[in-house]
Each structure stands twice: as structure tokens, then as C-alpha cells.
Amino acid sequence: MTAIPQISADTLANMEKQRRRARVSSTFRYSLLIIVGLIMVYPLVWMFGASFKTNAEIFSSPSFWPKEPTVQGYIDGWQTSTPYTFAKFFGNSMLIIIPKMIGTAISCTLVAYGFARFDFPFKKIIFSTVIATLLLPNVVTRIPQYLLFRDIGWLDSFLPLWVPSALAGDAFFVFMLIQFLRAIPRDMEEAARVDGANTLQTLIYIVVPMLMPALISVCLFQFMWTMNDFLGPLIYLSSVENYPISLALKLSIDTTEAFAWNQILAMSCLALAPSLFVFFMAQKYFIEGISTGGVKG
Amino acid sequence: MAELQLKSVEKMYGNGFKAVHGIDLDVKDGEFMVLVGPSGCAKSTTLRMIAGLETISGGEIRIGDKIINDLTPGKRGIAMVFQNYALYPHMKVRKNLSFGLKLKRKPKDEIEESTGEVSGILEIDELLDRLPKQLSGGQAQRVAVGRALIKSPEVFLFDEPLSNLDAKLRASMRVRITDLHKRLREEGRPATVIYVTHDQVEAMTMGDRICVMKDGHIMQVADPVTLYEKPANAFVAGFIGMPEMNLADAELSLDGGAKLTLAGQTITAPADLAARLNAAPGPVTMGIRPQHMTLTPDGEENAFSGTIHNIEFMGHEVNVHVTVGEASFIAVVPTSQFDLKLQRGDRVGLRPTGTQMHIFDKASGENVSLAQ
Ligand SMILES: Nc1ncnc2c1ncn2[C@@H]1O[C@H](COP(=O)(O)OP(=O)(O)OP(=O)(O)O)[C@@H](O)[C@H]1O
Ligand SMILES: [Mg+2]
């Protein structure tokens, strides 16, 4: 038998102490995390519960669990006080989001590819300008943009919401794609050029597939941000028939009657659904895309 | 006909760095030309200019009788194998192979036939439905070669294709590539190959001819035997051969045969040297390969006397490091002829033998012992 080094009782006690301390510290950490987490989700949980309450109960009981669950809020809310049902507003939201998402993906890819892979005169200055717009607060450009679109005559249409994004107006996405592209070695693109691909073919057949995780994140971000955007539609859309969900929700608050909170909450829950659904569907790619350098060696 | 010609080709990078200083190179149809040189000597730059991946700042490159300076890579009739394979990560091996043909709008059955043929030659049939990340390094390398082969290009370009493989695999891939080159030649469709490496074993074993480069200049272009036996200058002499050629500053005198003085000791050089010499007496660099040095007992005539400072036992031979004055020499001695009692600190004689001594001009490094 080989001699096993003797572990003294002292060391054993020490190890035991350390283990206990580690356990206490992790219990503490997780408890804290759970408490903070609960505080953060509670409003959501409450909203979901309250959407099944009657209007009277919402203010009478602090618990989120409805005493007499009812879907009346959903039924009434869906009908709305306008000539349209909520389906119309969902449709409008999609009409805004989908072209905007596609436009963003295409235009930002083109611009990012240009910046990441080609040299051209004044590249540095132009790139700095693009990045500078990232730092510019959105509100600063609202008024000039409004005036511009008014002069073109695009007010009360979806065009002011689509066009800036379709022209790679979202510098953040351009920046994100450039960072991602920089982490991808150029060899594959060079191999494609040697194989006879022109610039556009290289982009479509080689770069875009490699860029996919990042592109999916771009689309997801654009989806969620547009879904939640309130100010944009508020400024440019004036007729109710063009309203997206974000405006429609506020519509119910505007009406002169006493607010039907249960309807508002019910519709808010529905409004959350698409974003959540899309997020969970694409979660895997999404995480891959925002942690840049997603190419394995 | 696919000869490749470089005429005073220059490369100036955007930052003003001049990487290639007007090089001339003729590669014959079907020739296997190896570009070799230390890191940073512009081998890759040269290759990439031929491929069309870098612009050419001066001079011209021809393939056959076409000047290709301004053609896009796809139109030059070349194919390239990259150091890290550069397979398209999202395409199966089959699509990787056929991508180039698809772009050329070749008919489907022709593409299929070529894919089958190439995968047969390179033994990658079983891998056709895998993604690149499911391949081992050696397999990926074979696919990369296949992707070049399938296009039947006029000129193949390789940029250190084996440097990411382990030693054993590298040796077998080396044979595979030279075999492939011979096979194409026998089948009557010879392929011109430009092969970049910094490994002199690859260079010596694979090349029909070798082009040795240094700092954007060509130092010598010759077949392996000439390169080894008649290096044009001290750089080539030192670069080719294992262990390196011994180079030492010495004093040349020519009274009654060539005599060399080193650290105060004068020896008469091997008889043939005087006839080959084309140099004035004075300070020179003398060069002699470790294999062409013999050990003698100390004090013998025509041998430099020095001290052993290291002995490396290599198996079938022994590398003996000897210092003579300031200079350090290596002698490679077959184990059977080595006196095993010798050890560090012993004094021995070191005698150049054979007809393989070289004298280089001290200033220019030119070999001045090549006259016939
Ligand atoms: N894009 C570039 N801009 C400026 N200088 C460059 C560029 N690419 C390469 N160089 C320089 O040109 C010289 C030649 O580079 P090159 O890559 O051709 O060397 P190499 O012989 O292939 O070396 P290695 O064996 O390490 O691959 C080097 O000094 C390098 O620093
Ligand atoms: Mg290189």
C-alpha cells in the first residue's frame, strides 16, 4: 500500500469551515437575487392577474389573484371604443414592423459590409459621423424630421416610420454588425472571390450566412423596439385607422368615460405577447448574436 | 499553355511600406515552383498579387499570354488553397467544392461528375455531406485542395497549406500534393503550381524549382540540387540546409593555391576551390556545410584547431559544435566515425573536405566561388 499523506484534523476542520462559509454565502446571494427579481417582475405578474379581475376589484384588493376571474376585460377591450377591433391595431403594428425590420436588415448589412471590408475616400470621417448619430439624443432630430416629412407629404402614413430605417438610419445596428463582421476572418470572402464571386455574390452567399446570428438579433431588437415605440407613431400618425397597438392602448385611456382599467390591462397583456413569443423563439440566436465574435475557429 | 511571368512586380502597401521590390520570375507550364523565405519576406504578398487579392503597384503579371494585372481573381484562371483552409462554414463539403462551378453556371450533371471525380482523387467521398466544422484538420485541408482542383485552373496557388497540421500529417499531405501534381502531368493536363512555405523541407522535397526570397527581393531561383550545391549568395547558403551552413569571416590569400586564415590559423583550402574562385585576396566570408567538415586529432595539418563546446547525439549522426577563435562551427559526423571519448572542452582539428567549400564576398554576400 502506498502511503497516503496524512491530513491533519486541523486541515479537515478548516476545510469544513470553508465549505460552510461558501454555503452560507451562496444562500445569501441567491436569496437576494430572488427578492430583487421578484420585485422586478411583480408589476407584470400583477398586471396579468388584474387583467382577469373586474374593474371594481382592481382597486379594492392588493392581491394579484382575481377573486372572481372573468375574461370580460379581454372581450370588451378587444372590441374597443372605436369602429375597429384590436385586430386592426395588431395588423397595423405588423404593417409597420415587418417592412421596417426587413429594410433595416438589408440596409444595415450593406452599410456595415461597406465599412468593415472596403476602403474608400473619407471613410474615417463618414464612419465617425455614423457613430456620432448614435450619441445624438433621438429627440433632437424629431422636429427637423417632422418638418421634412410634412413637406414631402408623408404625414399620417407609415412611410416616415419605414424609410429612415430602410436607409440604415439606425446607427446602432450598423455598429453592431460592423463589430460582428470584424471578428470574422476575411479568408472565406477571399476564397469566394477566387472562386469567381463578385462583391454582391460574396455578400449574399458567404457574408450574410456567417452574419446570420447578428442579423437575427438586429431583427429582434427592431421588432421589440418598434412594437414598444410610442413617440414615433404618435407624431406621424393621426387617424385612428392607422394606429399601432402602442397608440391604441392609450386610446382607451383617452375616452371620456371612467377608465376601464381591466380592459387596458387585458390588452396590455396581449400587446406583450408577440414580443415575448418572438424572443423565446429566437433566444438561442439572439444570445449568440449579441455576444460578438460568434464564429468558431 | 499556362506559364506564369512576373516582370518587375512591385507592391507598396497603403501605409507606404514597400513589401516587394521589383521581382522577376518565370514559372514554366506545369512547373512546381516553391516560394520560400523567412517570415515577412513577402511570399504571401507576392502570391496574393498573383491571385488578385492585392493590387499590383508596379510591373506586370502574365498567365499564358494574358496580362492579368487588372482582371478579377475569378477571371485569372487560378485557384488558391489558404493556410487555414477558408472553407465556407455554412456549406456542406459538397457545396464547398461546387461553389465555384455553380457561379460559373455549369450544368448540374457536369458539376456532379466533377465533384465525384475530385472527391475520389482526394478520398473525401464519405465527407461530402458534412459541414466544415465536422472535419479534422487533415480532412479540411483535403477539401480545400479539392475546391481548388475542381476548377481545373491554369495555376494553383498554395499559401502555407500544411502549416496548421501536425508533423506526421504534414509529411503525408506533402506526398499527396506532389503525387497529385505528377498525376495531373501524366494525365496530360499539367498544372502550374506556386507553393508558398517557410519550411525548407517542404521546399526541397516538393519543388521542381525553388525561389528563395528575402525582404521583398528574390535571392535565387534554382532547382533543389543547385540551390544546395551552388547557393548564389550567403543568405541562400545559410537558409537552405540542416543544420545551417557554417559561415565565418576569414582572410583569403592566393599564393600557391587558395589559403584561408581564421583566428590566426592558416589552412590550404581543398584543391578545387582555387580554380573556381573569382575573388581578390582579402577579407571574405567562407562557407562550408556541417556535413563537409571532418574532425581530426588536434594539431593536424590543414585543419583549424578549436574547442568542442557541445555534442548533440542525433542517432545515426552526431552534431559537434566547435569554436575556433570567435567563430563557431558545427560538424556533422556519422556516429560510426565518431570517437565517443570526446567531450566538451576537448581540443580537436576541424578540416574542410570535399569540393563543397564556398567563398562569399564580404560586402555583397555574393558567392564568388562559382566560376567554372
Ligand atoms: N496590409 C498590409 N499593410 C502594410 N504592410 C503589410 C500588409 N500586409 C503585409 N505587410 C508587410 O509586408 C511584408 C510582407 O508580408 P507577407 O505577409 O507577404 O510576408 P510572408 O513572407 O508571407 O510572411 P509569413 O511567412 O510570416 O507568412 C511584411 O513586412 C508585412 O509586415
Ligand atoms: Mg504568409
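Since the model is a prediction, treat every value here as computed from it, not as a measurement. A note on names: the letters A, B, ... follow the listed sequences, proteins ahead of strands, and every chain is numbered from 1.
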Problem set entry | F48(A) CZ: over 12 foreign heavy atoms closer than 6.0 Å |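 It does not: F48(A) CZ has 12 such atoms or fewer within range.
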For this session: Take atom CZ of F118(A) as the centre, draw a 6.0 Å sphere, and report whether it contains more than 12 heavy atoms from other residues, nucleotides or ligands.
Result: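 Atom CZ in F118(A) is crowded, with more than 12 foreign heavy atoms closer than 6.0 Å.
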Problem set entry | Non-neighbouring partners of Q139(B) that pass side-chain hydrogen bond (donor to acceptor under 3.5 Å, both in side chains), sequence neighbours left out |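 Per chain and number, Q139(B) pairs via side-chain hydrogen bond (donor to acceptor under 3.5 Å, both in side chains) with S136(B).
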Problem set entry | Pairing residues for T55(B) by the side-chain hydrogen bond (donor to acceptor under 3.5 Å, both in side chains) criterion, not counting sequence neighbours |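 Testing T55(B) for side-chain hydrogen bond (donor to acceptor under 3.5 Å, both in side chains), a comparison that skips the adjacent residues, returns K11(B).
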Problem set entry | Contacting region of E190(A) [heavy-atom separation from chain B under 4.5 Å] |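 For E190(A), the contact with chain B is made by backbone and side chain together.
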Exercise. Highest number of heavy-atom pairs under 4.5 Å with chain A: which of M91(B), R147(B), K102(B), K75(B)?
Worked result: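 Highest number of heavy-atom pairs under 4.5 Å: R147(B).
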[X] portion near chain A, given a 4.5 angstrom heavy-atom threshold:
X       : answer
R48(B)  : side chain
L157(B) : neither
F82(B)  : side chain

For this session: Report the C-alpha separation of F89(A) and F86(A) in whole Å, then their side-chain angles, then the decisive distance to 0.1 Å, and conclude whether the ring-ring contact (aromatic ring centres under 6.0 Å, His included) test is met.
Result: CA-CA 5 Å; F89(A) 303 129; F86(A) 229 82; 5.7 Å; yes
